[in-house]
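Take a look at the structure below.
Here is the naming used below: chain letters follow the sequence lines, and residue numbers restart at 1 for every chain.
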Amino acid sequence: MFKYILKRLLMSVFILLGVSMIIYFLIRLMPVDFIQDKINAINQGGATVSQETVDAMYKMYGLGDNSFLGILGGYFSWLGALVKFDLGTSFVYGIPVADVIFEHMGISFLIALVATVFEFLIAIPLGITAATHQYSFRDYLVTVLVMIGISLPSFFFGQMLKDVLALKLGWFPASGLIDATASYTGVQLLGDYLRHCFIPILTIVILSIGARMRMTRTNMLEVMNSDYIRTARAKGLKERVVVNKHAFRNTLIPMVTSLAGLLPSLFSGAIITEQVFDLPGIGNIALDAMNRGDIPFIMGYNMFLALLSVVGVLLADLMYGIVDPRVKLE
Amino acid sequence: MAKVKNSNHLSGKEVRRIAKDNKKVIKRLEAYKNRKADESEYLSAMRDSANILEIEDLHSYFFTEQGVVKAVNGVSFDIPKNATVGVVGESGCGKSVTSMSVMRLLQGPAGQIYSGEIRFAAKEKSGEEKVYDIAKMPIRDIHKVRGSQIAMIFQEPMTSLNPVFTIGQQLDEVTFIHNPGATKEEAKAKSIEMLNLVGIAIPERVYNSFPHELSGGMRQRVMISMALASDPRLIIADEPTTALDVTIQAQILDLLRDLKTKIDGSIMLITHDLGIIAEMADYVVVMYAGRVIEKGTVQEIFHNPLHPYTIGLQKSKPTLDSDSDTLFNIPGNVPNPINMPNYCYFKERCASCTAKCAGDYPGMIQVSPTHFVACHLYDEDTKNG
């Protein structure tokens, strides 16, 4: 087992190297130029920037040479710094990338975690009940409702909830993360956070229940039709035990696959939802960085997600070994 | 231009009509199945107290999009106490559906018991007998007989065990259901005893194994031990050896034969293999297209088969002493189960068919105290005239 994990981690290093190279090249080829934007801004202010200053700036940011070898050189200098656990300094914020990520990740993680917990708590029982009452009124009702949930775009639905719950009813704050007029500390501050995050979380939960409910229903239906469920019934087990023990335990096996994608999604931030509610989450920051060509930040953010993805897949594989006795990891 | 009616094609109108009709019937049957009922509603009395199970005019239907499949269409037979009754017939003749009906395992909402009686003499803990009509039992009360009084061994040992639980966990469960006060140690002791009983050499190791670590024969033994763990009065074995190779088949059959004397109960053995029937059964029920066409003792069926289908079945058995290079087969096919004719279902394939066969479906004719056949050849007036 230990050997297996070690082997997988070693392989991950190579995967991450490949990923970082691809991302770096793509970003460098992106039609966004941080320096040019900066100079344009200065020019608009009325000042003029000499060509020497421009060249010096390109050189200072390491973006001077856009030939293949130039980009490759840039990549290796990024990699060299990474080996020393240095993700570089964000162009936009002027502080280390790691600090920017950790500053904004917390809130995104909080929202994603709470939303995911509720998503599972709601979607799985719904999926089970829809499967055990297949083609009944209950099944159709649940299916229709979650399909509506899947189909709604988050910018529209988030805006709608905001309009109703925050602007019309005034139950929740409409945007931002903290109440600027009050100075809360400790538990009160956390409460204020949660009050601000309520509508974004609600939006995410409603939109994401559908997929997981459909998945649970499909898996459950497949399991419920299998021979060993018939055996369990023939033994004289109560239907409740048949469903919740014998069937559910087997639906966990395909569900574990989705865990691989769960880990990065907890930290990646919800770009659109954060935009709608003007939350300083990492998704919002990342989109901004992308628009402004903040190369070190985009690299740091994407590599962070890549690392989480690799770890997520590894964890999912390890979980397989636990939930399915037929799987042996070696 | 005259259009040739294609019986397999359904127009949209027909499909909607079928769906509407099905929905109505299924709703009624499901409500009946899920109702709460007092025990007195499904208590019954045996016609003959020497029987453990009496099936009378059982109809089990599948309500499909193409129409109603009458998988079991008026089946009646008895299982006497301490006897093995073999149910034989070709694939799709309704023998498994009959057994599933007895266990109330038909997969709803499509599969339903439409009408009929399944009387079962259950033995209470106090020792007295109580007769339940299983077909009328609400599904919430079925645990009174399912598993505890009637146990079932399935056709597919490879897939009939839950892959994520150990054999021990699955066996212990049976003890816990039927003896809720049992401790973990007691359950384990009972499970190991059962594994021993079915001839598993290292029961402790099998107890801790997962199903995928065992061979097919071992799994079928585990299935049998699971069926036995609740001391049932009736074991339904649905083609218990079909998925196994011949040497294991013989072992499993020996095991079943031994068990009958050990548990002092009855066995309903479902198979399409006449060899197994000849070896194991006391009584034989021959089914064809959802109906019983002949039933009697094993001697009567093998030495004096009456129905042309039974005769055909016997002839299609491979033998070593025949000179022929090819196997005999009964010509033709079973009629479409959705649109069954109203005359004898075997008429189109029958070599000894008479003018009378185009008439009503033949009734059961008694030819000896135990031998019954459903064929116009043995009608009183046919024989006399």
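Ranking Met152(B), His143(B), Gln107(B), Glu30(B) against chain A, the residue ahead of the rest is Gln107(B), based on heavy-atom pairs under 4.5 Å. Ranked by heavy-atom pairs under 4.5 Å with chain A, the list Ile150(B), Ile177(B), Thr166(B), Ile153(B) is led by Ile177(B).
Atom CZ of Arg233(A) is separated from atom CD1 of Ile142(B) by 12.5 Å, given to the nearest 0.5 angstrom.
Counting non-hydrogen atoms of neighbouring residues, nucleotides and ligands closer than 6.0 angstrom, the NZ atom of Lys123(B) reaches no more than 12 such neighbours. Heavy atoms from other residues, nucleotides or ligands lying under 6.0 Å from CZ of Phe118(A) number 12 at most. In this structure, Tyr32(B) places its OH atom where more than 12 heavy-atom neighbours from other residues, nucleotides or ligands lie under 6.0 Å away. Remark: Tyr193(A) OH is loosely packed, at most 12 non-hydrogen atoms of other residues, nucleotides or ligands lying under 6.0 Å away. Open room surrounds CD on Glu65(B); 12 or fewer heavy atoms of other groups in view lie less than 6.0 Å from it. The 12-atom threshold is exceeded at CZ of Arg35(B), counting heavy atoms of other residues, nucleotides or ligands nearer than 6.0 Å.
Counting heavy atoms from C-beta on, the side chains of Glu173(B) and His246(A) come closer than 4.5 Å. No side-chain heavy atom of Leu237(A) sits under 4.5 Å from any side-chain heavy atom of Val174(B). Two residues are said to be in side-chain contact when any heavy atoms from C-beta on lie closer than 4.5 Å; Pro163(B) and Asn250(A) meet this criterion.
A donor-acceptor distance shorter than 3.5 angstrom exists from the side chain of Lys235(A) to the backbone of Gln170(B), with no hydrogens or angles considered.
For Leu105(B), the part sitting under 4.5 Å from any heavy atom of chain A is the side chain, from C-beta outward, and nothing else. For chain A, the nearby parts of Ser160(B) are the backbone and the side chain; heavy atoms of each come within less than 4.5 Å. When heavy atoms are compared at a cutoff of 4.5 Å, Met158(B) does not approach chain A at all.
Contacts between residues 222-232 of chain A and chain B, defined by a heavy-atom separation under 4.5 Å, are made by Met224(A), Asn225(A), Asp227(A), Tyr228(A), Arg230(A), Thr231(A). Residue-level contacts of residues 233-240 of chain B with chain A do not occur; threshold 4.5 Å between heavy atoms.
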Does the pair Val164(B) and Ile253(A) meet the rule for a side chain to side chain contact (heavy atoms under 4.5 Å, CB included), with working shown? CA-CA 9 Å; Val164(B) 300; Ile253(A) 297 171; 3.7 Å; yes

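Annotation: cation-pi geometry satisfied between Lys245(A) and Phe165(B) (NZ/CZ under 6.0 angstrom from ring centroid, within 45° of ring axis).
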